[in-house]
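To start, the structure under review is shown below, and the notes come after it.
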Amino acid sequence: ALQSRRFKACVKSRAGLHPRPAEKAATVRADLWPSEQDIIAAVSSLYDDELKPYLSTLRSRLSEMRPKEQKSRDLNSTYLLGLCHNTAPLYAQNDGSEPFILLRGREANFVDVLSPLDVYPSSLWSEAAE
């Protein structure tokens, strides 16, 4: 329920209906990872892999990409959803399960990893089994 409220506040703020409090608009330290560019790159890589960039998936991808020498900030949902306020190419949506972050101007063509439908021909699976 808390994530849902945060998501709705994010959407309202993006639409100009719910202005963001000044104390939440604090500047981000440049020496902390991830930067906005890192997050855009992570979302883009999930698009490349045809994986829907749910917040949990995005956090995992960011963890994979993190340079060992970089100091890290907390990768919680509040921080990631806050990007929809600050980063023009990103925006958040919610399909009823978990919020996800999308890229403006890029077609969303994601594989549903939980779908029981198999879109691949049986010959592919036969050849893979050999």
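Taking each heavy atom of R104 and L90 in turn, the nearest pair found is NH2-O, 4.0 Å. Across L102 and Q93, no two heavy atoms sit closer than the pair CD1-OE1, 3.5 Å. When all heavy atoms are compared, the tightest approach of I101 to V43 is O-CG1, 3.8 Å.
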Let me check something: any side-chain donor-acceptor pairs from residues 45-54 under 3.5 Å, sequence neighbours excluded? List them with distances.
residue : atom : partner : partner atom : Å
S45     : OG   : A42     : O            : 2.8
S45     : OG   : R61     : NH1          : 2.8
Y47     : OH   : L103    : N            : 3.0
D48     : OD1  : R106    : NH2          : 2.5
D49     : OD2  : R61     : NH1          : 3.0
D49     : OD2  : R61     : NH2          : 3.0
K52     : NZ   : D95     : OD2          : 3.1
Y54     : OH   : D95     : OD2          : 2.6

Using a 3.5 Å cut-off and no angle test, enumerate the donor-acceptor pairs between side-chain atoms of residues 117-130 and protein atoms at least two apart in sequence or in another chain.
residue : atom : partner : partner atom : Å
D118    : OD1  : Y120    : N            : 3.1
D118    : OD1  : W125    : NE1          : 3.4
D118    : OD2  : W125    : NE1          : 2.7
S126    : OG   : S122    : O            : 3.1

